[in-house]
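One structure below.
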2 protein chains.
Amino acid sequence: MGVAFLLAQLGSHAAGLFAERVAALDLTPPQAGLLRMLKGSPGCSQRELADRLGMPPSRFVPFVDTMEERGLVERRRNPDDRRLHALYLTEAGESLLDELRPLAMAHEADLTSTLSPEEYRQLKGLLQRMAADKNLTPGVHPGFRSVRPR
Amino acid sequence: MGVAFLLAQLGSHAAGLFAERVAALDLTPPQAGLLRMLKGSPGCSQRELADRLGMPPSRFVPFVDTMEERGLVERRRNPDDRRLHALYLTEAGESLLDELRPLAMAHEADLTSTLSPEEYRQLKGLLQRMAADKNLTPGVHPGFRSVRPR
DNA sequence: TATTGTTATACTCTATAACTATA
DNA sequence: TATAGTTATAGAGTATAACAATA
């Protein structure tokens with residue numbers, strides 16, 4: 001088995017485990033990704049967020065609806081251009097994001113538990129090089145597209 | 001970004017590129033996977049293959065149908081237990097598999113082009129260790145489940 | 001009665017594209 | 001006229017479960 005296959009296999013495995021973990025917070029990976037994106041760049045327009053997530057706007061709307069109904073996210077109209085709906089985290093969204101972080105760290109530790117600290121650094125460095133080489137930007141990756149919202 | 005996320009991102013990227021490449025042979029990744037599985041263990045029952053692919057039998061049947069219509073695969077009834085339909089590669093299936101191999105090698109070379117030979121060996125070793133640690137068996141990985149047949 | 005393979009059905013998910021409002 | 005957001009709809013893909021043949 002080559003590196004390409006191992007990456008696809010381990011990546012799929014990692015994504016599956018992550019989905020299981022965030023399900024404990026009643027979240028799907030794309031929902032977790034949206035929370036993180038809003039933390040990093042609050043006030044983004046829906047259009048821009050949908051683009052980043054690789055989601056068509058028609059799917060993004062109900063996706064945000066459920067998050068807003070749960071009080072995690074808030075739509076605010078941009079007064080300068082009233083066509084734009086800027087998205088913000090609510091306090092509940094912030095605190096859920098705080099619960100998310102230790103979960104992600106446990107996920108990381110679990111997945112790499114077989115590696116020594118030195119090996120971990122090696123692996124991380126190599127993967128970062130490859131990701132940069134392929135112009136994969138940090139953020140929510142396209143594989144998350146297919147995970148269904150609840 | 002941690003290793004888990006990088007794996008998911010790179011794995012998804014690798015799977016996507018592989019899907020594009022095999023599309024040149026009018027194959028999807030699960031179809032390519034079935035060809036490989038039949039090369040390795042010819043005469044498997046449909047049930048066993050469906051299990052390995054993580055596909056429910058109801059989806060596996062039309063999946064095999066299209067492969068059989070294209071003359072790549074052949075159903076033979078097991079005379080000892082006439083419930084079983086054993087699957088075999090046809091000659092056309094074998095020769096398509098021969099076309100598949102160089103394609104997979106090009107995919108591997110492309111994805112890892114930024115690594116030195118020494119780094120490539122390091123990465124491969126670390127990924128193999130992780131895969132073994134997580135009991136990921138060689139073969140077609142579950143992420144292929146979601147790729148649609150044509 | 002259990003198992004393999006098959007078929008049918010009902011359901012979910014999705015994209016396309018029409019529509020509204022703002023610009 | 002163009003763009004952000006929304007809604008409606010039709011189509012594809014899926015799993016569940018009923019079914020037939022064989023054991």
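We name chains A, B, ... by the order of the sequence lines, and we start the count at 1 in each one.
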For A/Asp51 and D/dA4, give me the distance from atom CG to atom C1', rounded to whole Å. 11 Å
Rounded to whole Å, the CG-P distance (B/Asp80 to D/dA23) equals 9 Å
Kindly write out the residues that satisfy salt bridge (charged side-chain N to carboxylate O under 4.0 Å, His left out) with B/Arg121, not counting sequence neighbours, or none if the list is empty. B/Glu118
What is the distance, rounded to the nearest whole Å, between atom CZ of A/Arg82 and atom P of D/dA4? 16 Å
At under 4.0 Å, does any side-chain N or O of B/Arg83 touch on OP1 or OP2 of D/dA21? no
Measure from CG on A/Asp65 to P on D/dA8 and round the result to the nearest Å. 12 Å
Residue-phosphate contact under 4.0 Å: B/Arg75 side-chain N/O, C/dT6 OP1/OP2: yes
Find out whether the Lys NZ or Arg CZ of B/Arg75 is both under 6.0 angstrom from the six-membered ring centre of B/Phe60 and within 45° of the ring's axis. no
When the distance from CG of A/Leu84 to P of D/dA4 is rounded to whole Å, what number comes out? 7 Å
Under 4.0 Å from OP1 or OP2 of D/dT16: is there any side-chain N or O of B/Arg59 that close? no
Can you name the closest pair of heavy atoms from A/Pro30 and A/Leu53 and give their distance? O-CD2, 4.4 Å
Atom CE of A/Met55 and atom P of C/dT16: how far apart are they, to the nearest Å? 15 Å
B/Glu99 and B/Arg101 ion-paired at < 4.0 Å: no
Taking atom types as they are modelled, would you say the side chain of A/Ser58 forms a donor-acceptor pair with the base of C/dT16 within the 3.5 Å cutoff? yes
Tell me whether A/Asp98 is salt-bridged to A/Lys39, with the criterion being a basic N under 4.0 Å from an acidic carboxylate O. no
Output yes when at least one side-chain N/O atom of B/Arg47 is less than 4.0 Å from OP1 or OP2 of C/dT4, else no. yes
Find the distance B/Asp81:CG to D/dA21:C1' and express it as a whole number of Å. 11 Å
Taking 4.0 Å as the cut-off, does a side-chain nitrogen or oxygen of A/His85 come that near to OP1 or OP2 on D/dT6? yes
On DNA chain C, more 5' by nearest nucleotide between A/Asn78 and B/Val61 is B/Val61
Rounding to an integer number of Å, can you tell me how far B/Leu53 CG sits from C/dG5 P? 14 Å
On DNA chain D, compare the nucleotides closest to A/Gln46 and B/Pro56; which residue's is nearer the 5' end? A/Gln46
